[in-house]
Amino acid sequence: MKKKLLRGRVLDFVAEPQSVEDSSAYRYFEDGAVLLSKGRIVASGDWGDVSAQVPEGCAVADHRPHLILPGLIDPHIHFVQMQVVASYAANLLEWLNTYTFVEEQKFADPEHGARIAGAFFDTLIRHGTTCAAAYCSVHPASAEAFFAQAEKRNMAVIGGKCMMDRNCPEALRDTPQRGYDETKALIEKWHGRGRANYAITPRFAITSSPEQMEMVGALAAEFPDVYVQTHLSENSDEIAFTMELYPEHTDYLEVYEHCGLLGHKSLFGHAIHLSEREIGAMAETGSVAVSCPTSNLFLGSGLFDHDRLNKAGVAIGVATDIGGGTSFSMFKTLEEFYKIQQLNGQRFDPLMSFYRMTLGNARALSLSEKIGTLGEGTEADIVVLDASATPEMALKYQTVSSLSEELFLLQTLGDDRAVVETYVAGEALKSGLT
Ligand code: GUN
Ligand code: ZN
């Protein structure tokens, strides 16, 4: 594969920003370049320096005056809920029972799974998202469809079939043994194949019996390199029901802890209503709290306390949670995250936002050696962003006088229209979509 040179304003993060003035947290090149070869970034930096390394006649994609950033990362999303988005419900449990558990039954049909998985990845690409950690349905065929469609696009993904054996419709139940066997077969087929990683996916404590939780723990012990993803402390009724189902445990997290499910490859969606003990245990084990702001507002679940968890040393991700969430856009997601921190009386600055969408989420997924920056040798997942993409953005852009103001404009007014191009493993995929 020939080398390819991208030209534009290049931005990536090297550390978590400590304030909106913290220019040591990022690299920015006003006339910058990123050199790609064989799906990887060979060099990035000033146009003059990078272009000097390139043979005459190298293809150049001139993206000036747009921004070139690492691809956006979504660490919690349900691909099987594309048609659940915008379902009118009072709260989480009503939403699950009335819409979500009904919709997910359609994934018993592999053709339906393949069609939605294709639409899912095209939608991510349109929104500049190049990596996602996703829940499939209980049906192994849905996970097959998910990984096959990701592989077709050479996308870095984490995914897994839900394990659930109670408190849901019969048609969505596996059993402890079947959930174990199906998950094991999927791990053996997909984990580490190309850019795919598997996540053992007990949906949440309510839909797994203690026997199933034991099997989940057995899988996690057998495959320590595999991820675990589940939901934690999203809604007060959910927490109360969990404690009824698991009365021997002192809190929600302990249900998972008891089975050995905590660790730096364990992704806990929502994590809103946590005790000091739970926060301490998460920090100690490197477990990841994945906040889902549009979902938490839409379902009225609560306000994720960024500073409390961050100061306690808990690893944090921020995600869309389609279809409880209401947008595929990581800009809209961080826009709502910003508003939640406003309600918490906290400042959440635009540098921190773009850090979270890129390197922060890559770190949350233990993937920052591979993605999340434009560093040499990393995989070439890249987005090109236009902060003047719509007439109202262009008008506001006339007042912008700093990089952080431009990022804040992108976050507040931007959506998929601000994504000019999405490169996945070095290939420009957005412009190829119909
Ligand atoms: N808890 C268990 N399942 C789900 C789900 O599908 N979405 C959300 N938001 N919370 C859950
Ligand atoms: Zn979820």
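All values below come from the heavy atoms of this structure, side chains included, with hydrogens, waters and symmetry mates left out. In listed order, ligands and their atoms are each counted from 1.
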_Can you confirm whether the side chains of E222 and Y180 place a donor and an acceptor under 3.5 Å from each other?_
yes
*Kindly indicate whether the side chain of Y26, heavy atoms from C-beta on, has any atom under 4.5 Å from the side chain of S23.*
yes
_Aromatic contact between F337 and H306, with the criterion being ring centroids under 6.0 Å apart: yes or no?_
yes
*Test side chain to side chain donor-acceptor pair (under 3.5 Å) applied to Y355 - qualifying residues, sequence neighbours left out*: R363
_Applying salt bridge (Lys or Arg N to Asp or Glu O under 4.0 Å) to D307 and R347, what does each step give before you reach the verdict?_
CA-CA 9 Å; D307 285 2; R347 304 304 310 271; over 6 Å; no
*For the Zn ion (ligand 2), count the protein N, O or S atoms found under 2.8 Å away.*
4
Would you list the atom pairs, donor with acceptor, under 3.5 Å between side chains in residues 408-420 and any protein atom, with sequence neighbours excluded?
from : atom 1 : to   : atom 2 : distance (Å)
Q411 : OE1    : S353 : OG     : 2.5
Q411 : NE2    : L334 : O      : 3.4
T412 : OG1    : F408 : O      : 2.7
D415 : OD1    : R417 : N      : 2.9
D415 : OD1    : R417 : NE     : 3.0
D415 : OD2    : R417 : NE     : 3.3
D415 : OD2    : R417 : NH2    : 2.8

*asked:* Show the nearest heavy-atom pair for residues T378 and K370, with the distance to one decimal.
replied: CB-O, 3.3 Å
*In terms of side-chain geometry, is the basic nitrogen of E392 or K396 positioned less than 4.0 Å from the acidic oxygen of its partner?*
no
*Residues lining ligand 1 [heavy-atom distance under 4.0 Å, listed by chain and residue number]*: H78, Q81, L92, W95, L96, R203, F204, H231, E234, H270, S295, D321
*asked:* Does the plane of the ring in H231 sit parallel, tilted or perpendicular to the ring in H76? Use 30° and 60° as the thresholds.
replied: perpendicular
